[in-house]
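Let me begin by presenting the structure, written as structure tokens, before commenting on it.
The structure displayed is predicted, hence computed values, not measured ones.
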Amino acid sequence: MSEQFLRAVSTQQFSTAAQLTDDPAAAEALLTAVNSALRPDAVIATVNALPEEGAAQPTATYQLAWQITGGQTWKYASSFGLVRSGQRWVVHWASTLVHPRLVPGSKLALIGAAGQPTAVVDKNGEPVLTWQGATATAADPKLAPMLIGAMSRTVTPQDEAGTSRVALVDAGGKEIENLFGTVTPPKEPLRTTVSVKVQHAAQAAVDSVSAPAYLVAIQPSTGGILAVAQNSTAGTAPKALNGLYPPGSTFKVVTGAAALGSGKATANTVLPCPGSKVIGTRTIRNADFDLGDVPLHTAFAKSCNTTFAQLAADLPLDALPRAAAQFGFAADFEIPGLTTQTGRVDTASGVAQQAENSIGQGTVQTSPFGLALMVATVAKGGPVTPQLFTTVKTTVRTGYKGPSGAVIADLRSMMREVVTAGRGEALRGYGAVHGKTGTAQFGDGSQAHGWFAGYRDDVAFAVLVENAGAAAPAVSVTGKFLGAI
């Protein structure tokens, strides 16, 4: 009888095994339930000792082995008694027969891989990537593919092999005791600097225009990359991070810093702003306006090309690259999982090219990422190291030092005036926004990209709308972004 019972258990014929007990219904129910919970590849029940002949309370001892997932085998000894049922001996059924610790009100549970279900969380703890087996997949459909790729490449792969265990749990599933396998503390998810809220706002903002559009947001205080977004028209290449474009008048932040730092002008220095100005072989023009003589801060707010071109013409030819380096344009960062490029600002070949470069044309090229870093430097008042993760740090191959405190203070005031009384007035209702508009001609000069780069509180950002013709579409995208964060 004992051997018949154990053979039926080993072949997982639980109905047959149950009929060999004094409580067939309870026996079949529990054996079936445990088998469903453990999902074994095999069950092996072997006799250790049969009941002694003539014993008053015959008892059999045996070993039960469960071959569970991952090639693991859980073995333990147990026993059962035999009782008379009519003319035959049967197994006296008790839940402890399945396992000595299994009592009414408890059950066995197979605990799977101990890896955290969330692979990556955002700066506020919101799930960004989750584990599907050993693969991390996006939990958020609005996360830019370039960010998903960077996070997937950086997160430590989850190892599922050999991590299952068996626990005794109560009726509600709460663990009482670990019976087999190692209890491994779950890994802390990788934490990114990205904010789900800011990312959603950025994506919705660039999706509001049909032309290719890009937005990069950085937290100045930490360097954390808050969002990277580009719309479907922009394609899948990560141009927001490393695409190079002429920055137009957003580059006047750099030219302004060069002029202020040289001591040749202050924010209040009155300078001419004619409608056009010949500098070397180049005629610099404004966008159909002539302001006459105005303070530098007004020329900045109204984006007077002629004022800034003349200022630059009076500076050494390497003045703009040196000033640009103070905003990170010559820096080299290795951000885990990302390939970024801030821009290229070379020494001008002559005064004419210096004038063009001063207004973000000529040979100057920057990326949305580079301009976001530029304005983040102004907002922080010093160098910013861009980060994508809080624990996996960026390697700084070539660092930079920001402008002086006096120059930063003037730039902040001038950038605020752009919004209160300048080309960015459409953003006056969005809080204390500081920034600079930009219209950047390209090709034969008949087309132009639109830019807005700025900051509000601890969020710095750059917006580019390709072939927009003017800065207005980028300002509109900026308003949608700021209105949602």
Does the Lys NZ or Arg CZ of Lys436 fall within the cation-pi geometry relative to Phe300 - under 6.0 Å from the ring centre and within 45° of the axis?
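Lys436 over Phe300 ring: yes.
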(Q) Assess the residue pair Thr377 and Tyr400 against the criterion (side-chain hydrogen bond (donor to acceptor under 3.5 Å, both in side chains)); give the C-alpha distance rounded to whole Å, side-chain angles, the decisive distance to 0.1 Å, and a yes or no. (A) CA-CA 10 Å; Thr377 301; Tyr400 72 101; 2.7 Å; yes
Exercise. Taking the six-membered ring for Trp, is the centroid-to-centroid distance between Phe461 and Phe481 below 6.0 Å?
Worked result: yes
Does the side chain of [Y] come within less than 4.5 Å of [X]'s, by heavy atoms?
X	Y	value
Gln387	Ile225	no
Trp451	Tyr245	yes
Ser195	Asn124	yes
Ser249	Phe308	no
Leu482	Arg456	yes
Val270	Val294	no

Check your understanding: Which class fits the ring pair Phe442 and His449: parallel under 30°, tilted 30 to 60°, perpendicular over 60°?
Key ->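 Correct class here is parallel.
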Review point. Relative to the ring of Tyr455, is the ring of His434 parallel (under 30°), tilted (30 to 60°) or perpendicular (over 60°)?
Key: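 Plane angle under 30°, so parallel.
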Point to revise | Residues Arg412, Asp410; criterion salt bridge (charged side-chain N to carboxylate O under 4.0 Å, His left out); working and verdict | key: CA-CA 5 Å; Arg412 287 174 176 170; Asp410 282 342; over 6 Å; no
Using modelled atom types only, decide if a donor and an acceptor are shared between the side chain of Arg191 and the backbone of Asp122 within a distance under 3.5 Å.
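Answer holds: yes.
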**Message:** Under a 4.0 Å threshold between the charged nitrogen and the carboxylate oxygen, would Lys302 count as salt-bridged to Glu417?
**Reply:** no
Should Asp318 and Arg322 be marked as a salt bridge (charged side-chain N to carboxylate O under 4.0 Å, His left out) after you check the CA-CA gap, both sets of side-chain angles, and the distance that decides it?
CA-CA 6 Å; Asp318 66 345; Arg322 285 189 287 109; 3.3 Å; yes
